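A short write-up of the structure that comes next.
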Amino acid sequence: MKKKLAILLLASMVMSFSACNQQKDTKSEESKSTQTSASSETSQDRETVYQVALLQSLTQGYYDGIIKVSDLKQHGDTGIGTFEGVNGEMIVIDGKVYQALGDGTVKEADDNETVPFSNVSFFDSDVSVDLKDIKDMASFKAELDKTVNEKGKNMFYLVKVSGTFDKMFVRSEIKQEKPYKSLDKALETDQREFNYDNIKGTVVGLYCPDYMGGLNTPGWHFHFISDDRTKGGHMLDLSFASAKAELDITPSFDMQLSDNSDFQSMELAKNVDDAIKKVETSDKSNTQENSLSMWKDSAPLKTQLTEYIKEITDEKSDSFIPVENRIAVFDMDGTLCCETDPGYFDHKLLYHRVMEDPDYKDKASAEEKETAKIIEEYFKTGSYPKGLDVKHGTAVATAFKGMTPAEFDAYVKAYRDQPMESYDGMTNGQAFYKPMLQVIDLLKANDFTVYIVSGTDRLITRGLAEGIVDIPVSQMIGSDESLVATGQGDTDGLDYTFTHDDKLVTGGDFLIKNLKMNKVTVIQQEIGQQPVLSFGNSSGDGAMANFTITNNKYKSAAFMLCCDDTERENGNTEKAEKMRKSCEENGWTAVSMKNDWTTIYGDGVTYKGKAE
C-alpha cells in the first residue's frame with residue numbers, strides 16, 4: 001500500500017484546497033494553493049486523489065470549466081469527470097483523457113477543453129482481485145466492497161477492471177447551454193443511454209468514504225471505455241463472467257475550487273442527496289416510466305407503449321418478440337423534428353443554397369431558381385403545391401452535384417447550426433421533439449433496432465439527424481439521388497470500375513422520393529422484414545403504418561403525431577383533426593402534441609407567433 005499520508009483538516013477530514021480563477025493561468029493559481037503533508041514531492045504526487053470542484057456544485061448546475069485538460073493531466077493519469085457544459089463523460093486512462101459524447105461517440109479530449117468536475121490520481125495497483133460471475137451493478141459493488149472493508153473504508157480507492165463484458169449499460173448527455181439547468185433536469189431531456197453486448201474494455205472507478213457526503217458521493221462511481229476507444233460513458237449496469245480488478249488505495253485528498261462569483265454564491269451546503277442519487281443511478285426495471293417523463297400520464301402512447309414493451313419483452317408471454325424481430329420505423333420531419341419553420345428542413349436548405357449562398361446563388365440554374373420560388377410561396381401560404389416533392393428532389397440533386405458525401409454532410413451540418421426563423425432559443429439541429437427522442441431511447445433500451453425512414457434526401461437526413469437521434473447513419477433511410485465516380489462521366493455503372501484516383505460524388509440525378517408506397521418498398525429492400533412499430537405524422541406515412549400492422553405475426557402498432565399545438569409549435573388544427581380521423585379509420589394511435597407532451601423542445605425555446 002502507498003506510504004504517504006497527506007492530511008489537512010476540513011470538516012473533520014483530511015484535504016487541501018486550492019482556488020482557481022478560470023481566467024487566470026492555472027499554474028499561477030496552483031502556486032497559491034497551500035499544501036500541508038508529512039512529506040513533499042517535487043514531481044508527481046502519486047498518493048493523492050485530486051478533485052476539481054464538488055459533485056454538489058455540478059448537481060446544482062455549475063458547468064463552467066475550472067481547469068484545462070492539459071493541467072488536469074498534471075494531477076493524475078487515471079480518473080473520471082465531465083467537461084464544460086457537461087458535454088459528455090470523462091474517462092482518464094493511461095494518461096489520456098477521453099470524452100464520451102452524447103451521440104455515443106468517443107474522442108480524445110483537446111488539451112484546451114475545460115473541466116467543471118473531475119477526480120484523478122496517478123494509478124499504482126495495491127491490490128488485485130479476481131471477480132467472477134458478476135450479474136449486475138449491485139453484485140459488482142458488493143465484491144469491490146469486500147476489499148474496501150478489509151483494507152479500510154476511510155481511504156480513497158481507484159479501480160480499473162479490464163475484460164470482456166457480456167453486458168455494458170452506459171449513459172452520456174448532450175452539451176448544455178446557458179442558462180444551465182440542474183443536472184437532474186438536464187438529464188431528464190438530454191441523457192442518452194447505450195447498451196453494448198460482448199464488449200472489451202475497462203471500467204474506471206472511484207470510491208469515496210462516507211464522510212465525503214458534502215463534497216462528492218460516498219461509495220462507488222464508475223465510467224467505462226472500450227478497448228478500441230470508440231464507446232464509453234457513465235456506467236449504469238454491467239455483467240461479466242470473469243475479470244481482474246486492480247485497486248489503488250489512496251490516503252490523501254486535494255480539491256481545487258473556483259473563485260468565480262457564480263460558484264462563490266452557490267449554496268453548497270444544500271442537501272442534494274436525492275438529486276445525486278437520481279443522476280448517478282438508473283433503475284432499468286423502471287425504464288419505461290422514467291424514459292417517458294416528458295409524456296403526460298394521460299397520453300395514450302405512454303400507456304400503450306409501456307404495456308406493449310412489458311408484454312413483448314416477457315419470454316413467458318404469448319406476445320414475446322425475439323430481439324432480432326424488434327424493428328421500429330420512424331418518419332423524420334413532423335415526427336421527430338419540426339417541419340413548420342415555416343417548412344421542411346430540406347426545403348429550407350435548398351432555398352438557402354439557391355437564393356442565399358454567396359458561393360452558389362449566381363451559379364444556380366433557372367430550374368433551381370424556379371423551384372426555390374415555389375418553395376418561397378409554400379413557406380408564405382403553408383400550402384404544399386402538387387408536384388413540388390419531385391421538383392424539390394430534382395433541384396436538390398442538381399444544386400449539390402459534384403460534392404463528396406463528406407462535403408455534402410458538412411454543408412448540411414453547417415446549416416443545421418443556423419437559428420430557426422420561427423422560434424427563439426433554438427437552431428435547426430435542436431428542433432427535434434424531445435418526447436419522441438425519449439421514445440427512441442426507450443425502444444433501444446429494450447433491444448429494438450430503430451430506423452428512420454424519411455421522405456427527405458438520404459444524405460440530408462443523415463446530416464441533420466446524426467449525433468441527435470441515437471442510431472447509426474446506416475439506419476437512416478431517405479430519398480435518393482445518384483452517386484458516381486469523379487472519372488465516370490456518362491459511362492454506365494455496369495461498364496465502369498472505380499479507380500484509385502476516383503472520388504465518390506453526387507451525380508446530379510434524382511432517383512426516388514421516399515413517400516407513401518415507396519416507404520414500404522424501401523423497408524423491404526433495406527431492412528428485409530416487417531416492422532412491429534411505426535411512427536409517422538402524415539398521409540405520406542400511412543402506407544408504412546398499414547404495412548406494419550397488417551398481417552403481422554407479431555403484436556404491432558402504429559402511432560401518428562397530430563400537429564395540434566399552436567402555442568409552443570407552428571401547429572395546424574385542421575390538419576391535426578384530419579389525421580385524427582385517419583387514425584380512427586385505420587387503427588392507428590393518435591398522438592397530440594398539445595395534450596400529450598409536457599414540453600416539445602425543452603426549456604428556453606419559444607414559438608414567435610400563433611398559427612392562423
Side-chain angles (χ1 to χ4, degrees), residues 103 105 332-333 337 343-376 388-418 427-429 431 452-469 471-515 518 522 526:
D103 64 359
T105 62
M332 186 173 70
D333 297 81
C337 65
Y344 300 107
F345 173 83
D346 60 343
H347 287 56
K348 294 195 302 177
L349 179 74
L350 176 66
Y351 184 86
H352 167 73
R353 174 73 166 167
V354 172
M355 305 298 283
E356 299 170 345
D357 185 345
D359 295 326
Y360 186 77
K361 64 181 182 178
D362 294 333
K363 304 174 187 176
S365 69
E367 291 80 7
E368 291 166 3
K369 287 188 177 294
E370 178 189 353
T371 301
K373 289 178 180 178
I374 297 173
I375 290 173
E376 184 176 27
L388 178 57
D389 46 7
V390 174
K391 278 183 174 291
H392 170 264
T394 302
V396 166
T398 59
F400 293 97
K401 181 180 179 180
M403 284 188 173
T404 66
E407 290 168 343
F408 196 179
D409 184 72
Y411 192 97
V412 173
K413 285 184 167 62
Y415 188 71
R416 182 178 78 170
D417 292 338
Q418 296 303 305
T427 65
N428 289 306
I452 290 176
V453 183
S454 175
T456 294
D457 178 274
R458 185 189 303 256
L459 299 182
I460 297 176
T461 296
R462 292 173 174 177
L464 176 59
E466 185 181 16
I468 299 169
V469 181
I471 62 174
V473 294
S474 59
Q475 291 164 213
M476 298 178 185
I477 302 167
S479 298
D480 279 319
E481 59 191 282
S482 61
L483 292 167
V484 298
T486 48
Q488 184 174 343
D490 295 329
T491 305
D492 189 279
L494 288 173
D495 300 319
Y496 187 82
T497 298
F498 193 93
T499 72
H500 296 295
D501 296 324
D502 273 326
K503 291 182 180 179
L504 187 68
V505 296
T506 50
D509 293 322
F510 175 59
L511 300 180
I512 190 170
K513 188 68 175 178
N514 191 34
L515 291 174
N518 288 346
V522 78
E526 300 203 23

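Keep in mind that the numbers below use all heavy atoms, side chains included, and drop hydrogens, waters and symmetry copies. Numbering starts at 1 and runs along the sequence shown. None of the values given here were measured: they were computed from a predicted structure.
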Can you tell me if [X] uses its side chain to pair, donor with acceptor, with the backbone of [Y] under 3.5 Å?
X      : Y      : result
Thr506 : Gly402 : yes
Arg462 : Asp409 : no
Gln475 : Pro472 : no
Asn518 : Lys513 : yes
Asn428 : Tyr415 : yes
Thr461 : Gly478 : no
Thr486 : Asp502 : no
Lys369 : Lys361 : yes

Which residue, Val354, Asp346, Ile460, forms the side chain to side chain contact (heavy atoms under 4.5 Å, CB included) with Val396?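 Result: among Val354, Asp346, Ile460, Ile460 is the only option passing the side chain to side chain contact (heavy atoms under 4.5 Å, CB included) with Val396.
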
For [X] versus [Y], what's the shortest heavy-atom pair and its separation?
X      : Y      : result
Phe510 : Asp480 : CD1-O, 3.7 Å
Val484 : Gly507 : CG2-CA, 3.8 Å
Met332 : Ala465 : SD-CB, 4.2 Å
Ala399 : Tyr360 : CA-OH, 3.4 Å
Tyr351 : Glu356 : CE2-OE2, 3.7 Å
Ser482 : Gly508 : OG-N, 3.5 Å

If you count every heavy atom of other residues, nucleotides or ligands that lies below 6.0 Å from Lys413 atom NZ, does the total exceed 12?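 Buried by this count: over 12 neighbours within 6.0 Å.
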
Residue Lys373 excluded, over 12 heavy atoms near NZ under 6.0 Å: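 Open.
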
Tell me whether Glu526 is salt-bridged to Arg458, with the criterion being a basic N under 4.0 Å from an acidic carboxylate O.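 So Glu526 pairs with Arg458 through a salt bridge.
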
Look at the aromatic rings of His352 and Tyr411 and report parallel, tilted or perpendicular, splitting at 30° and 60°.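 Aromatic pair His352/Tyr411 classed tilted.
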
At what distance, to the nearest 0.5 angstrom, does [atom1] of [X] lie from [atom2] of [Y]?
X      : Y      : atom1 : atom2 : answer
Gln488 : Thr491 : CD    : OG1   : 6.5 Å
Thr394 : His392 : OG1   : NE2   : 10.0 Å
Asp357 : Lys363 : CG    : NZ    : 9.0 Å

Glu481 and Lys401: side chain to side chain contact (heavy atoms under 4.5 Å, CB included), yes or no, with the steps? CA-CA 10 Å; Glu481 59 191 282; Lys401 181 180 179 180; over 6 Å; no

Could you go through the side chain to side chain contact (heavy atoms under 4.5 Å, CB included) check for Leu483 and Leu504 one step at a time? CA-CA 7 Å; Leu483 292 167; Leu504 187 68; 4.0 Å; yes

